[in-house]
Amino acid sequence: MREQIRKRLSHRLRGVFPEISTDFQIKIDEPPDSSMGDFSTNIAIVLAGKLKQPPRQIAEKIVEKWGDTWFEKVEAAGPGFINFFISLDGWREWVAGIIEGKEDFFAPPAKKRKIHLEFVSANPTGPLHVGHGRGAALGDTLGRLLKKIGYDVFTEYYINDGGRQIDNLGESVYLRYKELFGEKVELRNDHYKGDYVIEIAKEIKEKYGDKFLEKPDPSFFSRYAAERILSWIRKDLELFRVRFDSWFSERRVYDEGIVSDTLNILREKGLTYEKDGALWFKSSNFGDEKDRVLIRSNGDPTYFLADIAYHRLKFEGGYDLIIDIWGADHHGYEPRIRAAMKALGFDDRRIRILFIQLVSLKKGGETISMSTRTGEFVTLKEVLEEVGVDASRFFFLLRRNDSHLDFDLDLARKQSSENPVYYVQYAHARISSIFQQAVKKRYSVKNLKFDMGVISRKEIPLLKKISEFNEILESGVRDLTPHRIPFYLVELARQFHQYYNEVRVLVEDEKERSSRLLLAKVVQDLIREGLDIIGVSAPEKM
RNA sequence: GCGCCCGUAGCUCAAGUGGAUAGAGCGCCGGACUUCGAAUCCGUAGGUUGCAGGUUCGAGUCCUGCCGGGCGCGCCA
C-alpha cells in the first residue's frame, strides 16, 4: 500500500513541481491518530529547502485538486504534513491485488548481493551458554531474513581450536583426570572449572584408564576435549534450529599457508617491525590506538594474526557485504581488524560488525556476568529443555541486540507460559481451525473466489497491518534489525484476533465466506512466513 | 583515566535515515464463552524518556557536560 502511495505521490510531484530532481526518498508514515488519516508523509517539509517555499504552502499545492479514486481525501496538515485517507475502493483494489498475487510481498532486491555472515564462533572450551544462544538466534534469523529477501547468504562458524585457551582446557581436563585417581590437584585461575571438564576427564579415564598418568600427553587432552565440546556445540545448535553452511577451523588458515602469505604481504608493505623479540603490525597507521603483536617473542602467532588471515579470505571471497556478530566484550577488537583490512587494501565499509550486549546471569537477587572459565553460566541446552526452542528464540529476538539482558532461569521458566510467541502461534492455529470447521460443514475451501465488495471498514485495521509486512522485512535488512519481526507478528496476530472477534468468517453467504476465508489465508501465510524467518514453528493446532 | 554500549510505565521491552498526542506485553482492577478455538476480546489505571543545557519548524532519537549500570583497554582469545 505504501508503495502505491509512493507511486501516486511521485507522479503527482512531477506534475506540480516539474523542476525538481527526483533523487529524494519519499517516506510514508502513519499519523499518530487515525482521525488524521491512514498514512502521511513529510515530503513537503523535506522539499522546503530545495524549493525555497514554506512547507505548508508546498503541501497545499500538492494536495490541491488531487483526484484519485484510491483516496477519499488528501490534505495538508500541521507544519506541512500530507495526510492520506485511503478510500474503501483503494483498500479493496489493493487487497484484491494481494489475493490474486499481483502485489508482491517480497520485493526482490535490485541486485543480488553476496553476503558472508559469521556468528556464534564460540571457542570450544565449554558448552554454549545463554549468551551464545542470543547471538545464535540473532545470526540465524538474520541469515534467514536475508535469504528470504533474495540475497545470496553464506553462514559460517569460525572454530578457534588452537592457542592458549585450548591449552588451558587440556590442562584443566588433565588435572581433573589426575584427581580421579586420587591425586590432589590445584587449578589455576585461568583453568576451566565447569563440571563438564570433570565429565570429559571421566570419559578419558573410562576409555584409556591410567595410561596418561605416567606419560602425560597435553596435546591429546586438548584435542580430545575440544572435539568433544565441539560435538556438544553442534548438537545444541542443531536443537536450536541453527544451521551453518560451513564450520571453519582456525587450523585451516595455517595449514593452507594463508597466515604466512598474509604475513608476507604486510611485511612487503613495510607495515611490520620487530620489537622486544616480537613482530608487530603498525595498526596505529590505520586508526587503531596502538600497534599490535602478530608473532610473540616465543615464536607463536597471535590469534589476531590468524583472524586477519581469515578475514582476508572473506574479503577475497567476492562478498559484497561481510557481517560479523560478536559479543560486546570484543568491541575493542573492531578497530584493529578494520586497520588490518585497510592495510591489506580492502574497503572496510564492506564489513559490518554487530555487537550483542552481554547476557548476565541473575541468581538470588544479584547479577553475575557469565563466564565459561569460572563455570558460572546457564547453558543453552538447559534453557531449551526448560523453555523450549520456540519460546527461547522469541524471547531472544524480542529485544534489540544492543540492549543488555539479565537472564533469570526461574523467570524464563515462568514466562515461558506467557511468552508472546504463543499468542502469534495461536492466531495461526486458529485460522487452521477455521478451515477445518469449514470442511466439516462441507463448505468448499478450494478455488475460492474473492469478491472485493465484501471488504468493509471493519477489515481496514487488519489490511493496514498486512500492508506493513514487506516494510518490516526491508527495514530489517537495511538496518540489520531482525527484532522488528517478532514485534510485528504480535501486532498482526492482535489485529487478526480482534477481527475474528468481531466478524464471523463461516457465514451462510458464499461470497462473504469465501472472501473472508481468503483474507484469513493471507494472514496465516504471513504469520507462517514471519515465524519461519525467526525460526519458530507455526503449528496447525496447539 | 581513556574508549564502546545502555538508562523509556511497578517489571520485561518497542518506538524506520529527527516527525504530530512516546507504544506493547506481563502484573493490578472491571466486563465478554448456547456461536468459526476464551492460549482470545473489550475497558480502567499507570510517564518530567536518568539530570542539565544546546542545535531547529519539531528531540526518546543529534551535540556538550554530569549521574548511574555493563564491557573493554594483554606478547589472552
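Just the heavy atoms: all of them, side chains too, but no hydrogens, waters or symmetry mates, feed the values below. Each chain gets a letter, A, B and so on, in the order the sequences are listed, and its residues count up from 1.
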*A/I325 and side-chain contact (heavy atoms from CB on, under 4.5 Å): which partner among A/L138, A/L480, A/V120?*
A/L138

*With a non-hydrogen cut-off below 4.0 angstrom, is A/E471 in contact with a base, only sugar-phosphate, or nothing?*
base

*Mind checking A/A328 for me? I need base, sugar-phosphate or nothing, with any heavy atom below 4.0 Å counting as a touch.*
sugar-phosphate

*With salt bridge (Lys or Arg N to Asp or Glu O under 4.0 Å) as the test, would you mind laying out the steps for A/K521 and A/D525 before giving the verdict?*
CA-CA 6 Å; A/K521 191 85 181 68; A/D525 288 346; 3.1 Å; yes

_In B/C33, glycosidic geometry as syn within 90° of 0 or anti otherwise_ = syn

_Whole-Å distance separating the CG atom of A/L398 from the P atom of B/C26_ = 12 Å

*Determine the interatomic distance between C1' on B/A9 and the same-named atom on B/C4; round to the nearest Å.*
29 Å

*A/P31 or A/R399: which one's nearest nucleotide on RNA chain B is closer to the 5' end?*
A/R399

*asked:* What contact category does A/H497 fall into here, base, sugar-phosphate, or nothing, at under 4.0 angstrom with non-hydrogen atoms?
replied: sugar-phosphate

*Taking the six-membered ring of A/F377 (Phe, Tyr or Trp), confirm whether the NZ or CZ of A/R373 is under 6.0 Å from its centre and within 45° of its axis.*
no

*How is A/N123 classified with respect to the nucleic acid when contacts are heavy atoms under 4.0 Å: base, sugar-phosphate, or nothing?*
sugar-phosphate

*Scan A/I356 against the nucleic acid and name what it touches under 4.0 Å (heavy atoms): base, sugar-phosphate only, or nothing.*
nothing

*Pick base, sugar-phosphate or nothing for A/I45, based on heavy-atom distances below 4.0 Å to the nucleic acid.*
base

_Under 3.5 Å for both donor-acceptor distances, Watson-Crick or wobble: does B/G1 have a partner, and if so which one?_
B/C73

_Short side-chain donor-acceptor distance under 3.5 Å, A/Q437 and A/Y443_ = no

_Say we look at B/U44 and B/C63: how far apart would their P atoms be, to the nearest angstrom?_
38 Å

*Using a 4.0 Å heavy-atom cut-off across all strands, classify A/A429 as base, sugar-phosphate, or nothing.*
base

*Atom OH of A/Y499 to atom C1' of B/G37: distance rounded to whole Å?*
17 Å

*Calculate the interatomic distance between A/I43 atom CD1 and B/U17 atom P; express it in whole Å.*
16 Å

*How is A/F487 classified with respect to the nucleic acid when contacts are heavy atoms under 4.0 Å: base, sugar-phosphate, or nothing?*
sugar-phosphate

*asked:* If I pick the C1' atom on B/A39 and the same atom on B/U34, what distance separates them, to the nearest angstrom?
replied: 22 Å

_Can you measure A/N42 atom CG to B/U56 atom C1' for me and round it to whole angstrom units?_
15 Å

*Would you please say whether a donor-acceptor pair under 3.5 Å links the side chains of A/Y499 and A/E459?*
yes

*Looking at every strand, decide which applies to A/S403 at a 4.0 Å heavy-atom threshold: base, sugar-phosphate, or nothing.*
sugar-phosphate

*Is the NZ or CZ atom of A/R430 positioned over A/F496's six-membered ring, under 6.0 angstrom from the centre and within 45° of the axis?*
no

*Write down the distance separating the C1' atoms in B/A22 and B/U49, rounded off to the nearest Å.*
8 Å

_Between C1' on B/G74 and CD on A/E289, what's the gap in Å once rounded to a whole number?_
12 Å

*asked:* So A/Y423, base contact, sugar-phosphate only, or nothing? Heavy-atom distance under 4.0 Å.
replied: sugar-phosphate

*Expressed as a whole number of Å, how far does the P atom of B/A52 sit from that of B/C71?*
28 Å

*With a non-hydrogen cut-off below 4.0 angstrom, is A/R504 in contact with a base, only sugar-phosphate, or nothing?*
base

*asked:* Tell me whether the side-chain N or O atoms of A/H330 pair up with the base of B/C71 as donor and acceptor below 3.5 Å, since no angle test is needed here.
replied: no

